[in-house]
Amino acid sequence: MPKQTSAARRTSIAGLLTATSLALALSGCANYDVTAPADARADAPAAAVQAKDAQLAAAKSAKNEDGKNGDGKKGEAKGSQGGGQATALGGAGDVDCRKAKCVALTFDAGPSENTPRLLDILKKEKVHATFFMLGENHVDKRPAEVKRIDAEGHELANHTWSHQILTDIEPQEAKRELSRLQDAVRKITGKTPRLMRPPQGRTDEEVSKISKDLGLAQVLWSVTAKDYQTNDSALITKRVLEQTERDGIILLHDIYKGTVPAVPGILKELKKRGYTVVTVSQLLSPATAEPGMVYRP
């Protein structure tokens with residue numbers, strides 16, 4: 001049975017979620033708990049903490065050996081503790097968000113025709129992100145992009161098959177919305193997503209139960225550029241930077257024309273401010289996202 005986060009470390013919310021596409025606040029009819037990344041890390045099992053520390057020590061030792069052998073490049077800091085970029089894929093990697101000033105970068109509703117350019121940018125900047133993908137007209141039409149997202153070390157995640165609001169449909173249909181995307185991604189990559197983002201951030205106890213049954217943790221956000229409202233890349237950049245704080249989760253969409261051109265400026269300024277840009281799983285490490293749970297800064 002998954003370990004429950006302590007009550008003192010969890011914040012109860014009642015329908016106060018900002019929607020991704022409609023900026024919609026829920027009316028207060030749904031009650032559930034949300035766990036912050038810092039609280040998840042603090043409540044990680046001792047064994048996971050020990051494993052993380054051992055992994056970090058091994059990475060540091062390997063880096064030192066590279067330096068002695070002349071293999072390391074001056075100025076490079078793989079998985080640095082501040083201002084750098086994590087190098088691992090969706091797993092914990094050699095970044096430590098218990099110490100580093102981390103922020104998770106996420107993209108919803110792709111892949112799209114904009115995704116290859118986005119992946120080029122992320123590769124150049126040595127940044128990994130979490131992609132909450134849609135199935136219909138996206139994953140099913142662009143398997144090559146899904147393969148590339150995975151191959152380049154990004155985190156594969158679920159945003160349902162056709163963007164239906166999970167709290168508005170029957171449980172069996174909600175389960176199908178999630179499981180169909182799971183099956184499609186597994187068929188393409190051999191990997192099954194462990195994270196999902198409910199459309200418009202709408203979830204409740206029934207959705208949480210379905211998510212748990214499917215092995216999916218729910219991930220909301222703390223930063224939204226509302227890029228569905230504008231193609232102004234400068235405005236998108238401004239909105240992201242104004243809202244970003246340590247342990248934040250940035251929500252962007254790689255389906256809109258103004259978003260991808262904003263990414264280089266966002267990353268440059270975040271790095272200047274000392275942030276390490278990570279995937280959601282890296283942000284939570286040494287904790288592991290627990291199926292059914294809702295995570296939000």
Side-chain angles (χ1 to χ4, degrees), residues 2 48 51-52 55 58-59 78-79 85-95 104-124 126-164 166 174-199 207 210-219 249 253-255 277-293 295:
K52 175 73 173 181
Q55 181 184 40
K78 295 183 180 180
Q85 310 303 338
T87 58
L89 66 162
D94 55 351
V95 62
L105 181 62
T106 71
F107 294 92
D108 280 15
S112 75
E113 66 274 12
N114 304 313
T115 305
R117 182 182 175 191
L118 172 61
L119 291 171
D120 289 344
I121 292 168
L122 297 176
K123 186 174 183 179
K124 180 180 178 181
K126 298 181 175 62
V127 168
H128 292 108
T130 301
F131 285 79
F132 291 92
M133 300 177 292
L134 283 176
E136 190 173 38
N137 296 321
H138 295 277
V139 166
D140 64 345
K141 301 294 185 183
R142 297 183 176 276
E145 282 85 347
V146 177
K147 288 181 180 179
R148 184 179 170 191
I149 289 169
D150 177 48
E152 295 186 1
H154 303 286
E155 187 166 33
L156 304 165
N158 191 326
H159 196 41
T160 74
W161 183 257
S162 61
H163 209 263
Q164 293 194 59
L166 299 178
K175 185 174 184 179
R176 177 174 167 77
E177 275 286 298
L178 293 169
S179 63
R180 191 174 178 188
L181 191 284
Q182 296 288 87
D183 293 343
V185 172
R186 182 168 54 247
K187 183 177 180 180
I188 294 169
T189 67
K191 299 177 181 178
T192 304
R194 298 178 59 189
L195 305 177
M196 83 90 161
R197 176 168 285 155
V207 173
I210 293 167
S211 299
K212 183 176 181 180
D213 291 344
L214 293 174
L216 288 164
Q218 303 173 79
V219 180
I249 299 176
H253 298 80
D254 50 330
I255 58 173
V277 180
V278 297
T279 66
V280 170
S281 289
Q282 288 172 329
L283 185 67
L284 298 177
S285 179
T288 300
E290 297 181 14
M293 297 284 284
Y295 295 90

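- One N or O on the side chain of Asp140 and one on the backbone of Asn137 form a donor-acceptor pair closer than 3.5 Å.
- In this structure, the side chain of His128 engages the main chain of Glu152 through a donor-acceptor pair within 3.5 Å.
- Looking at every heavy atom in both residues, Thr115 comes nearest to Phe131 through CG2-CE2, 4.4 Å.
- The CD1 atom of Ile210 lies 7.0 Å from the CG atom of Leu178; values are rounded to the nearest 0.5 Å.
- One finds the OG1 atom of Thr130 at 10.0 Å from the CZ atom of Phe107 (value rounded to the nearest 0.5 Å).
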Yes or no on side-chain contact (heavy atoms from CB on, under 4.5 Å) for Asp150 and Val146, after CA distance, side-chain angles and deciding distance?
-> CA-CA 6 Å; Asp150 177 48; Val146 177; 5.9 Å; no
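- The existence of a salt bridge linking Asp183 and Arg180 is excluded, since no basic side-chain nitrogen approaches an acidic carboxylate oxygen closer than 4.0 Å.
- The CE atom of Met293 sits 9.5 Å away from atom NZ of Lys212, with the distance rounded to the nearest 0.5 Å.
- The two atoms that bring Pro199 and His159 nearest to each other are CA-CE1, 3.8 Å, heavy atoms only.
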Please step through side-chain contact (heavy atoms from CB on, under 4.5 Å) for the pair Met133 and Asp254, ending with a clear verdict.
-> CA-CA 10 Å; Met133 300 177 292; Asp254 50 330; over 6 Å; no
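- The CE atom of Met196 lies 4.0 Å from the CD atom of Gln218; values are rounded to the nearest 0.5 Å.
- The two atoms that bring Ala109 and His253 nearest to each other are CB-CD2, 4.2 Å, heavy atoms only.
- With sequence neighbours left out, the side chain to side chain contact (heavy atoms under 4.5 Å, CB included) criterion links Pro116 to Glu145, Arg148.
- Going from atom CD of Glu177 over to atom OG1 of Thr160 covers 4.5 Å, rounded to the nearest 0.5 Å.
- Distance alone, capped at 3.5 Å, is enough to place a donor-acceptor pair between the Thr189 side chain and the Lys191 backbone.
- No hydrogens or angles considered: a donor-acceptor pair under 3.5 Å links the side chains of Arg197 and Thr106.
- Proximity of a side-chain donor or acceptor of Asp213 to a complementary backbone N or O of Ser211 within less than 3.5 Å is not detected.
- Ser285 places no side-chain N or O within donor-acceptor distance of the main-chain N or O of Ser281, the cut-off being under 3.5 Å.
- Put simply, the side chain of Thr192 does not reach to within 4.5 Å of the side chain of Val185, judged on heavy atoms.
- Contact detail for Ala48 and Pro286: the closest heavy-atom pair is CB-O, 3.4 Å.
- In this structure, His154 contributes its side chain and Ala129 its backbone to a donor-acceptor pair below 3.5 Å.
- In terms of modelled atom types and a separation under 3.5 Å, the side chain of Gln182 and the main chain of Pro193 share a donor-acceptor contact.
- Listed by chain and residue number, Arg194 satisfy the side chain to side chain contact (heavy atoms under 4.5 Å, CB included) test with Thr288 (two or more places apart in sequence, or in another chain).
- Annotation for Val139 and Ala184: closest pair CG1-CB, 4.0 Å, computed over non-hydrogen atoms.
- A distance of 11.5 Å separates CG of Leu283 from OH of Tyr295, quoted to the nearest 0.5 Å.
- Results of the side chain to side chain contact (heavy atoms under 4.5 Å, CB included) test with Val277 over Val127, Leu122, Val95 single out Val127 as the only residue that passes.
- Looking only at distances, a side-chain donor or acceptor of His138 sits under 3.5 Å from a matching main-chain atom of Pro111.
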